[in-house]
Amino acid sequence: TVVDPYKQCLLSHSCTEIVGVDPLFLKGVTFPSEYPANPDTVVKLTVYDAKDKSQESSSFLGSATFSVGDLLRAKDERLTLSLRSSDGVCAAGTIVVSRLKMGEMEEVDVDNIATDLPAQKVYRFQTMDSKWMLVREQMEECTLSFSIPKQLLTLYIQEDMSRVQDLRDLGELSPHWDNLRKEVMIQYGGIISSYQETLAELDKISGPSFKPSCCKAQKPLEFIPINLHTQRMRVTCPKKTDALYDIITVGAPAAHFQGFKSGGLQRLLHRYDAEKKSFSTAYQCIYYSPEHTAKAQEVLSTMSLLQPLITSLAGQLLQAARERSSAGLRDALKNLSDKTEQFVHTLKDELVKSALLALHAAQPGYVSKNQKHSPGKAGHQGSVSQSNEQSSVQELPGHCPTSAVAEGTGECNNVGASHINSGPTLKHQDSIPQHKEFDEEEWDRLWANVAKCLNCVIAMVDKLLDEDHCKQETVPEQQLADVITSHNPGDWREQLTPVVSRLQECVLVVEEQAKRAMTFVLLQEAACSIPQGFLLQQRRDVVFSQALAAMACGFVMRLYAGMRDKDFLKQLHLVGLVAQFESLLSTYSEEIGMLEDMEVGISDLQRVTFRITEAKTDDLSDLQPLVCGQRDHFTVEVPLPQVVFKTLPQEIKEGKPLRVYPVLFNVGINEQQTIAERFGDISLQERINQKNFETLEAYYKSLSEKVPVECLPCFQTQTDVKGLLETLGQNVVTKKRKNVEILWVAGAICRRLNGIRFTSCKSAKDRTSMSVTLEQCALLRDEHQLSKDFFVRALDCMRREGCRIENVQKNIRCRKYAFNMLQLMAFPKSYRPPEGTYGKVDS
C-alpha cells in the first residue's frame, strides 16, 4: 500500500505472488511514469501467511514502512526492514526491499494507438549462471479496436450506396429484369440501413477501447474485435542488450451475434457456391461463375482507378506542352501511355462484350433473330406484349452453345440467347439502342478507338518534339534566342488539345459502357444471392472487420518496433511481412463454426496492403491509421511523424504498397478437442495447418531470394528457419493428438522472420493467457538462459499475478480463469494454470 500525500490515507497499490518455503519473491512492484511518486512517498509492506491457495485464506504476519527516498539513498540499492506485528511491538522477521532498474534501451513509442492506462508487471528471474534478469510485461488496449471497424462501416455504406446508384444507371429494363433490380436494391438498402444504425451506436460509445468477452454476442458491437490487446515483454540481462517481444491477443474473428447453428463462413460459402446455379434457375437470371463475378468486380475497380488517373495525366501532358518542356512532355506521355494501355487491356476481356449483349437483351423492345421476321411483334415503339416479354426473357445470352456468354463467360439457366448482327455506332449516354439489333463488333471498335486515339497523341508529341529539335539544329546559334523568344508558346498546347480531348472522350464513353456491363453481371450475382448471398456478405463483413482491426494493430506495433532497423525496413518494402495467427479453438460444436469464420477472415486479409504516409502534424489525431478502398481491396495508410518519416527508405516514402502475408495455425487443446479427436472430425484443422504451412514455406522462399539471411534477427537457439520449417512440415502431417508443437514451431519461425504474432481462442482470455505466458517463459529459457529450476515458478508467477490475470479481471471482473478441474485434465500439462487461479465463472 502507498500513503496518499494529500489525503493521508492508505491506497492499495500492488501485491507479490504467493511463495512457498523459500520466501524469494519474483514479482516486483512498479510505479508507472504517470504515477505521482516522489522521494517523500511512503510505502507500507504487509506480509501474510497464505494457508490455502485455492481458498485464498491468509493470516497477518507483520508490516514495515519506508519512503521512496530511503530506497534511493540506500548504499546497495537495498533496504533491510524489520516486520512488526499489528501492535508495532513484536518483531516478526525481516524483509529485504531492492531497487530494480531496467536497461537503458530507448522505449518504442506507440502511444498513438495505445490507451493511457497500461497494465505493467515487473519480475526478477534467475539465470543459469545464477545471475538475475529483469522482465517487464506491459499490456494495453488499442484504439484501433473501434476506429478501424468504424472506418470500414463507413466504406461499406459508401460502396453499397454506389452499387445502388450503378443499378439505377442501367437505365430502363424490361419488367422481369427491373423487378430483379428492385429486389436487389431493397436488399442493399437493408444492409445500408443496418450498417448506419450500427455506426450510430458505435459513435455513442465512450470508455474502454476494447470489447469484453461477455459482450461478444451483442449486435451493436459485432464488428468490434473481442478483447484486443497488445502485450510486450521487455528483458534486461547482465551484459546483454535488452530485448523486446510483442504479441497481439484477440478473440477469434467470428460472427457471434449471427451464431453458428449452420456452421461458419467456410462451410456456408462452400454450400452457397454449390447451390448458386439452382438459385439462378429459380430467379430466371444468368449464371456467372464466381471467377467471372470476381472478374467483373476487378474490371470495375480497375476502371474506377484508371479513368480519373488518365484524365489527370492528360492534364499534365497539356501543362507540359504549355510550358514547352520536352522532358516533361516525354515523362507525361510515358505515364499516360502506360495507364491507357492498361485500361485498354482491361476492356479486352470477352466478359465485357458478352455482358453488353446481355444488357441489350434485357432492355424493353429487345428483338431476337427469331422475332425480327415477325412484323406483328417487332414494330411497336412502346412496350412488348406479355407473350413477347416472356419470349425475350427466355432468349437472353447464355443458353445457346454458340453465344458469347456460353462460350466465354457463363451459363444461363432457363434463359436462351441469340446474336444480333448489326447496329448503329454507340454514342455517349445512349450507347445501347433499344428496339434495334446490337452489333457485337461495335464494342471491339470502341475500345480499339481508345488505342488509336493514344497513337494519335503519341504521334503528335513525336512530331512536335522532332520539329523543335530540327529548328534548333538548323537555326544559327546567334538567332536561336530570337527564334525561341518569338515562337508562340501556345502552339504545342493548341496542337495537342484536340487529340488529347478525343482520347479523354473515348475513355469516358468506353468506361461508361463497360461499367454498365459489369454492373449487369453483378446484378445477376446479386439477384441469385437473395437472401443467402447478402446474409453471407454481412457475416463476411463482420468477421473481416475484426480481423483487420487486429492486423492493423499488429502492423503498427511491429513497424514502430523496427523503425531503426534498416534490414527490417528493407524486408518490409521488398517482400512484406508474415502475420502468424495462432488459434486454440477446438473442432467441435460451436467452435468449429468460429474456426470456419476465422479461416475466411484471415484469408481475406490478403486483400489488404499498407502504405506509410507523412503525418501533417505530430498531433495524436493525425497519427491514426486510415482505411480506404472497397471490399475487393483495402489500403491502410499509416501516418508517421515527420521526423521519423524522413529516415525511411525512399521506396516506402514514395508510397510503395506494403504486403502482409497472413497464415493461420490451429491446435485445439481443451476437453472438446478430446471429443473431436476420438469421436468427431479434425479434418478442418488438418487442412488449415497444411494449407498455411505451404503459404509460410512460399513466403520464406520469396524472402530468401530477395533478402540476405544476415538481415534476419539473430537468436540464441541454433536451429535456422529452414530447419524449423522442416520440423513444422513433419508435425503438420503427423497424426498426433493436441500436437501443440505445431504452434510452438510456427511461432518461432514467425519471430525469426520479423513477423507479427497473434494468439487467439474464443475470447482471448483463458486459453490465450495460458499460451502467451508459456511462450514468454519459453523465450526467457531459450534466449535468456532462464534457470530450469525457475521455469515453472516463473510460469506460475506470470499466470497468477501477471498481465493476463489482469486481462481476465477486465473482462469478467473476477480474477479466475474459466476452467474447472475436469477440463484441465484434458489440457496439455504446460497449458494448466496454477492452483487457486481458476474456477467456475461466467465468461
Side-chain angles (χ1 to χ4, degrees), residues 13-19 25-35 98 100-103 105 107-111 113-127 132-142 210 227-237 242-250 553-554 557-558 560-561 582 747 751 756-759 764-784 786 790-811 815 817 830-831 833-834 837:
H13 180 68
S14 185
C15 63
T16 68
E17 80 279 14
I18 298 175
V19 296
F25 297 102
L26 303 181
K27 178 180 174 290
V29 176
T30 61
F31 290 98
S33 56
E34 65 272 10
Y35 192 88
S98 301
L100 304 180
K101 187 178 181 182
M102 300 297 289
M105 183 181 194
E107 288 293 331
V108 179
D109 182 16
V110 287
D111 289 342
I113 63 164
T115 53
D116 296 331
L117 298 174
Q120 291 188 4
K121 306 290 179 178
V122 174
Y123 312 93
R124 184 179 66 161
F125 299 138
Q126 197 171 67
T127 61
W132 294 93
M133 73 172 82
L134 301 182
V135 178
R136 185 178 73 188
E137 274 187 309
Q138 181 166 311
M139 181 187 71
E140 296 179 275
E141 298 169 15
C142 180
F210 84 110
N227 193 19
L228 174 62
H229 283 79
T230 65
Q231 184 150 334
R232 167 167 287 166
M233 180 175 73
R234 178 179 170 185
V235 186
T236 298
C237 286
D242 282 15
L244 294 178
Y245 301 97
D246 294 335
I247 193 165
I248 312 299
T249 60
V250 63
C553 175
M557 193 176 192
R558 187 67 191 87
Y560 274 85
E582 171 186 308
R751 293 196 184 279
I756 312 169
R757 277 281 293 113
F758 300 84
T759 296
K765 177 172 59 67
D766 304 305
R767 282 169 283 179
T768 293
S769 295
M770 300 302 104
S771 176
V772 169
T773 50
L774 178 61
E775 181 175 0
Q776 288 183 162
C777 287
L779 286 166
L780 295 177
R781 177 195 62 202
D782 298 337
E783 302 301 324
H784 302 280
L786 173 67
F790 272 76
F791 182 85
V792 175
R793 285 188 63 183
L795 186 59
D796 286 351
C797 181
M798 283 186 175
R799 288 173 175 174
R800 188 185 297 278
E801 301 294 342
C803 288
R804 297 316 303 179
I805 200 69
E806 299 295 339
N807 183 271
V808 173
Q809 172 75 32
K810 288 177 66 175
N811 277 273
R815 298 176 74 85
Y817 298 111
S830 53
Y831 288 85
T837 63

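Start at 1 with the first residue, then count along the sequence.
- Applying the side-chain hydrogen bond (donor to acceptor under 3.5 Å, both in side chains) criterion to Arg781, with sequence neighbours excluded, gives no partner residue.
- A salt bridge is absent between Glu137 and Arg234; no separation between the charged side-chain nitrogens and carboxylate oxygens falls under 4.0 Å.
- For the pair Asn811 and Phe210, the minimum side-chain heavy-atom distance is below 4.5 Å.
- Shortest non-hydrogen contact noted between Asn807 and Ala764 is OD1-O, 3.7 Å.
- Remark: His229 NE2 to Thr768 OG1 distance equals 12.0 Å, nearest 0.5 Å.
- Partners of Tyr817 under the ring-ring contact (aromatic ring centres under 6.0 Å, His included) rule, at least two apart in sequence or in another chain, do not exist in this structure.
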Could you walk me through whether Arg815 and Glu801 pass the side-chain contact (heavy atoms from CB on, under 4.5 Å) check? CA-CA 10 Å; Arg815 298 176 74 85; Glu801 301 294 342; 4.1 Å; yes

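- Scanning all heavy atoms of the two residues, the minimum distance from Lys765 to Val808 falls at CG-CG2, 3.8 Å.
- Partners of Arg751 according to the salt bridge (Lys or Arg N to Asp or Glu O under 4.0 Å) rule, which considers only residues two or more places apart in sequence or in another chain, are Glu775.
- Thr127 and Trp132 make their closest contact through OG1-N, 4.4 Å (heavy atoms, listed as atom of the first residue, atom of the second, distance).
- Met133 is listed as a side-chain neighbour of Val235, based on a closest heavy-atom distance under 4.5 Å.
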Quick one: do Tyr123 and Met798 satisfy side-chain contact (heavy atoms from CB on, under 4.5 Å)? Show the steps, please. CA-CA 9 Å; Tyr123 312 93; Met798 283 186 175; 3.9 Å; yes

From CA spacing to verdict: side-chain contact (heavy atoms from CB on, under 4.5 Å), Thr249, Arg804: CA-CA 10 Å; Thr249 60; Arg804 297 316 303 179; 3.4 Å; yes

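- Rounding to the nearest 0.5 Å places SG of Cys237 at 8.0 Å from CG of Leu780.
- Inter-residue side-chain proximity for Met233 and Gln138 is flagged as unmet; no heavy-atom pair is nearer than 4.5 Å.
- The distance from the CG atom of Leu228 to the CD atom of Glu140 is 11.5 Å, given to the nearest 0.5 Å.
- Every residue was checked against the side-chain hydrogen bond (donor to acceptor under 3.5 Å, both in side chains) condition with Asp796, not counting sequence neighbours, and none meets it.
- If you take CZ on Arg558 and SG on Cys553, they are separated by 13.5 Å, rounding to the nearest 0.5 Å.
- Residues satisfying the salt bridge (Lys or Arg N to Asp or Glu O under 4.0 Å) criterion with Arg799, sequence neighbours excluded, are absent altogether.
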Yes or no on side-chain contact (heavy atoms from CB on, under 4.5 Å) for Phe758 and Ile756, after CA distance, side-chain angles and deciding distance? CA-CA 7 Å; Phe758 300 84; Ile756 312 169; 3.4 Å; yes

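- Just one residue in the list Leu795, Val792, Val135, Val772 forms a side chain to side chain contact (heavy atoms under 4.5 Å, CB included) with Cys777, and that residue is Leu795.
- Judged as a salt bridge (Lys or Arg N to Asp or Glu O under 4.0 Å), and not counting sequence neighbours, the contacts of Glu582 are Arg757.
- What you find for Leu786 and Ala794 is that their closest heavy atoms are CD2-CB, 4.3 Å.
- Note that CZ of Arg136 and SG of Cys803 are 10.0 Å apart. Values are rounded to the nearest 0.5 Å.
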